[in-house]
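Below: one structure, written as structure tokens.
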Amino acid sequence: MAREEDEPLTKRRRLDPLLLDSLGIDELRSYIEELRTEIARVEADIGRKNGHRSAADAFFKRP
């Protein structure tokens, strides 16, 4: 049986939903900021990978 780390990303959730009922407003705002930071990190990685793909496409003259 495959371990969770071996499963494709589409078959597992990376972030488990957080129970929001127990959090105060400041904690919720902090959580939002953490999520925004993570989104920015992921978007930067997507940009980096797109750059690599573009360079490879240009090298191999892929249309």
Side-chain angles (χ1 to χ4, degrees):
M1 181 175 244
R3 295 181 323 191
E4 185 176 317
E5 305 88 52
D6 298 334
E7 294 177 25
L9 183 58
T10 55
K11 290 188 178 186
R12 61 184 165 120
R13 291 190 52 93
R14 296 294 298 159
L15 298 174
D16 292 326
L18 189 64
L19 285 176
L20 304 178
D21 293 342
S22 64
L23 300 177
I25 292 172
D26 290 337
E27 292 168 314
L28 290 169
R29 286 187 175 129
S30 177
Y31 180 57
I32 288 171
E33 190 55 39
E34 289 175 28
L35 292 172
R36 286 183 177 145
T37 300
E38 182 64 6
I39 289 168
R41 186 180 75 87
V42 172
E43 287 176 337
D45 197 53
I46 289 170
R48 182 183 61 81
K49 289 179 181 184
N50 276 333
H52 289 166
R53 177 182 283 172
S54 295
D57 288 348
F59 179 78
F60 291 107
K61 298 189 183 3
R62 186 176 176 190

Less than 4.5 Å apart, any side-chain heavy atom of Lys49 and any of Arg53?
no
Rounded to the nearest 0.5 angstrom, the CG-CD distance for Leu20 and Glu27 is 11.0 Å
CD of Glu43 to CD of Glu38: how many Å apart, nearest 0.5 Å?
10.5 Å
Separation of Leu18 CG from Tyr31 OH (nearest 0.5 Å)
4.5 Å
Distance from Asp45 atom CG to Asn50 atom CG, nearest 0.5 Å?
10.0 Å
Can any side-chain N or O of Ser30 pair as donor or acceptor with the backbone N or O of Asp26 at less than 3.5 Å?
no
Should we say atom CG of Leu19 is surrounded by more than 12 heavy atoms from elsewhere, each under 6.0 Å from it?
no
